[in-house]
Undergrad: 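Could you have a look at this structure, given as structure tokens, before my questions?
Below, read A as the first sequence line, B as the second, and so on, with proteins coming before strands; counting in each chain starts at 1.
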2 protein chains.
Amino acid sequence: MDSKDKRNFEKGEHVETRNAIIKTAHDLFMEYGYRSVSTRQIADLCGLTQPALYHHFTNKKELYIEVIRETIFKTQTAVQRILKRPQSLRERLQQYAYYMMLNHHEDLNQMFHDIEHQLDAASQAQIYQWWMNGYLMPVVAVFEEAAKEGKLQNQYRFGATPIDAAHFLLSLIKSSMEPSKFLKDSSKSRQEAAEEKSHMIVDVLLYGLS
Amino acid sequence: MDSKDKRNFEKGEHVETRNAIIKTAHDLFMEYGYRSVSTRQIADLCGLTQPALYHHFTNKKELYIEVIRETIFKTQTAVQRILKRPQSLRERLQQYAYYMMLNHHEDLNQMFHDIEHQLDAASQAQIYQWWMNGYLMPVVAVFEEAAKEGKLQNQYRFGATPIDAAHFLLSLIKSSMEPSKFLKDSSKSRQEAAEEKSHMIVDVLLYGLS
DNA sequence: CCTACCGATCGGTAGG
DNA sequence: CCTACCGATCGGTAGG
């Protein structure tokens, strides 16, 4: 190969290394939290020395922010596709909940806590902007559409806006993703459990318990 | 004072110091998380040197477990009193949600994450036992009672048990306690906001959005 | 309850 | 991308 091909090849390796770092950092940060994960842990799992990380990212916080950015944008793409399907409100919300349960783990609570306590105000504002566009607004739009079609007539009786509704749904999804320490139900696969839970959550939210 | 009085006095001071440590540690642990809080921070805020903490607690983890134990037991007492009042299901749940919103902050998610990742399995099991008795079962009992009286007829249609219902309620309460980064509503006091949110949550849970 | 101090680990830098 | 290393901070101990 000539020098041009060699450069491209090396650049490709550089990008692959960067992606490996982001994936490893994602898994560790989301499970253990920002402070509990050391740059040496990340580097070791990628087969690198710790100072090598600083060739790809200026510091630990920049790496963390990049992890969050990629996570939010990937989710946004998938979620918008699901919520635009020509199906009923109930079916779309169920599929949305199912997707979130399978593809996110218990990471959202941890992520928000870290953002609030480990990042500066400017980074927080930027991430909340990404979060609103990627996670919240697609769901809000679905509830607004349903409200216009008169399918959420109780909205004003309870004082619950479409934004509240989206928060409720995300809250129920988050709690369903927590490792259920109380009822270990190992008889079902992850997919089966997520499908069952997604149906239950949406039905409770739409129709109530009583 | 004779020597006996002096001993009692000194023992009283010892207890007061211990309580001050627990209160300070509670506030710091719940806000920033177990790993992010150093024993020196706790000691400084109590007017002590860091090694002095080890006169009251064998190590950082023992202190953390004691913080959790006292928190759960105090909540258990208050919650049981509220849920035994001779009022409707809706009213009792509203008052329960209101109490939790005012007296707990955003600490529960942080607490559970720390328990899972920073403590050994034996400590986890002990704390989950406390949690079930103190937090979950009183709410489960209320839903079971309502189910027997036929007030939750949709229970089997959705597959939602009283335990699920209690988890849903706690989940909605937890998310309502999160600092709402999205809708800063500083026009209302904490009490007013908690009252409004507790009503909204219980109504959505009982009657649904549509 | 203090002073003095320990080994371990952290995020990050220098220099190649 | 490596070796070598820095100052800061951590939880915990010794000894009084």
Side-chain angles (χ1 to χ4, degrees), chain A residues 3 6-26 28-29 31-68 110 114-115 117-120 123, chain B residues 3 6-26 28-29 31-68 110 114-115 117-120 123:
Chain A
S3 67
K6 190 155 181 291
R7 267 201 305 278
N8 286 345
F9 179 67
E10 283 169 350
K11 191 176 179 184
E13 286 217 334
H14 188 270
V15 170
E16 279 176 25
T17 302
R18 183 191 151 96
N19 286 338
I21 293 170
I22 288 179
K23 171 153 182 42
T24 302
H26 169 96
L28 290 174
F29 282 143
E31 178 162 5
Y32 301 105
Y34 180 78
R35 285 280 290 250
S36 296
V37 176
S38 72
T39 51
R40 280 172 179 80
Q41 285 177 48
I42 298 169
D44 284 349
L45 284 174
C46 296
L48 301 172
T49 58
Q50 181 250 8
L53 292 185
Y54 294 82
H55 184 63
H56 299 269
F57 303 93
T58 60
N59 55 37
K60 191 183 179 186
K61 280 187 177 147
E62 289 296 319
L63 169 57
Y64 184 62
I65 290 173
E66 184 59 22
V67 164
I68 291 176
Q110 179 61 40
D114 284 337
I115 291 168
H117 289 98
Q118 312 293 342
L119 299 183
D120 56 294
S123 302
Chain B
S3 69
K6 191 156 180 288
R7 267 201 305 277
N8 286 344
F9 179 68
E10 282 169 351
K11 190 176 177 186
E13 286 216 333
H14 188 270
V15 170
E16 279 176 24
T17 302
R18 184 191 151 94
N19 286 338
I21 293 170
I22 289 180
K23 173 157 181 37
T24 303
H26 169 96
L28 290 174
F29 282 143
E31 179 162 5
Y32 301 105
Y34 180 79
R35 285 280 290 251
S36 296
V37 175
S38 73
T39 51
R40 280 169 180 81
Q41 285 176 46
I42 298 169
D44 285 348
L45 284 174
C46 296
L48 302 171
T49 58
Q50 181 250 9
L53 291 184
Y54 294 81
H55 184 62
H56 298 270
F57 303 93
T58 61
N59 55 39
K60 189 184 179 185
K61 279 184 178 151
E62 289 296 318
L63 169 58
Y64 184 63
I65 290 173
E66 184 59 22
V67 163
I68 291 176
Q110 179 60 40
D114 284 337
I115 290 169
H117 289 96
Q118 311 294 341
L119 300 183
D120 56 294
S123 302

Undergrad: Counting only side-chain nitrogens and oxygens, does A/H14 get under 4.0 Å of the OP1 or OP2 atom of D/dC1?
TA: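 Negative; the distance criterion is not met.
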Undergrad: Taking the nucleotide of DNA chain D with the nearest heavy atom to each, does A/H55 or A/P51 sit closer to the 5' end?
TA: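 Its nearest nucleotide lies further toward 5', so the answer is A/H55.
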Undergrad: Mark yes or no for whether B/K61, through its side chain, and B/D120, through its backbone, hold a donor-acceptor pair below 3.5 Å.
TA: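 Checking the backbone N and O of B/D120 against the side chain of B/K61, no donor-acceptor pair under 3.5 Å is found.
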Undergrad: Find the distance between CZ (B/R35) and OH (A/Y32) and round it off to the nearest 0.5 Å.
TA: 11.0 Å
Undergrad: Between P on C/dC1 and CZ on B/F57, what's the gap in Å once rounded to a whole number?
TA: 11 Å
Undergrad: For a stem of at least 3 consecutive Watson-Crick or G-U pairs with distances under 3.5 Å, i pairing with j, i+1 with j-1 and so on, which stems involve DNA chain C?
TA: C:1-16 with D:1-16
Undergrad: Look up atom CG in A/N19 and atom NE2 in A/H26, then write down how far apart they are to the nearest 0.5 Å.
TA: 13.5 Å
Undergrad: Quick one: OH on A/Y34 to CG on A/D114, what's the gap to the nearest 0.5 Å?
TA: 9.0 Å
Undergrad: Between the protein and nucleotides 8-11 of chain D, list the N/O to N/O atom pairs that are separated by less than 3.5 angstrom.
TA:
{"unit_1": "D/dC10", "atom_1": "OP1", "unit_2": "B/S38", "atom_2": "OG", "d": "3.4"}
{"unit_1": "D/dG11", "atom_1": "OP1", "unit_2": "B/V37", "atom_2": "O", "d": "3.4"}
{"unit_1": "D/dG11", "atom_1": "OP1", "unit_2": "B/K60", "atom_2": "NZ", "d": "2.7"}
{"unit_1": "D/dG11", "atom_1": "OP2", "unit_2": "B/T39", "atom_2": "N", "d": "2.9"}
{"unit_1": "D/dG11", "atom_1": "OP2", "unit_2": "B/T39", "atom_2": "OG1", "d": "2.9"}
{"unit_1": "D/dG11", "atom_1": "N7", "unit_2": "B/R40", "atom_2": "NH1", "d": "2.9"}
{"unit_1": "D/dG11", "atom_1": "O6", "unit_2": "B/R40", "atom_2": "NH2", "d": "3.1"}

Undergrad: Return the CD1 to CD1 distance between B/I68 and B/I115, rounded to the nearest 0.5 Å.
TA: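 One gets 4.0 Å once the value is rounded to the nearest 0.5 Å.
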Undergrad: Pairing donors with acceptors under 3.5 angstrom, does anything connect the side chains of B/S38 and B/Q50?
TA: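 On atom types as modelled, these side chains do not qualify, holding no pair under 3.5 Å.
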Undergrad: May I have the distance from B/L63 (atom CG) to D/dG12 (atom P), rounded to whole angstrom?
TA: 10 Å
Undergrad: To the nearest 0.5 Å, what is the distance between CG (B/L48) and NE2 (B/H55)?
TA: 11.0 Å
Undergrad: How long is the span from the CD atom in B/Q41 to the CG atom in B/D44, to the nearest 0.5 Å?
TA: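 Rounded to the nearest 0.5 Å, the CD-CG separation comes out at 8.0 Å.
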Undergrad: Whole-Å distance between C/dT3 P and B/L48 CG?
TA: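 Rounded to whole Å, this separation is 11 Å.
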Undergrad: Does D/dC2 have OP1 or OP2 under 4.0 Å away from a side-chain N or O of A/T49?
TA: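 A/T49 to D/dC2 OP1/OP2: side-chain N or O found under 4.0 Å.
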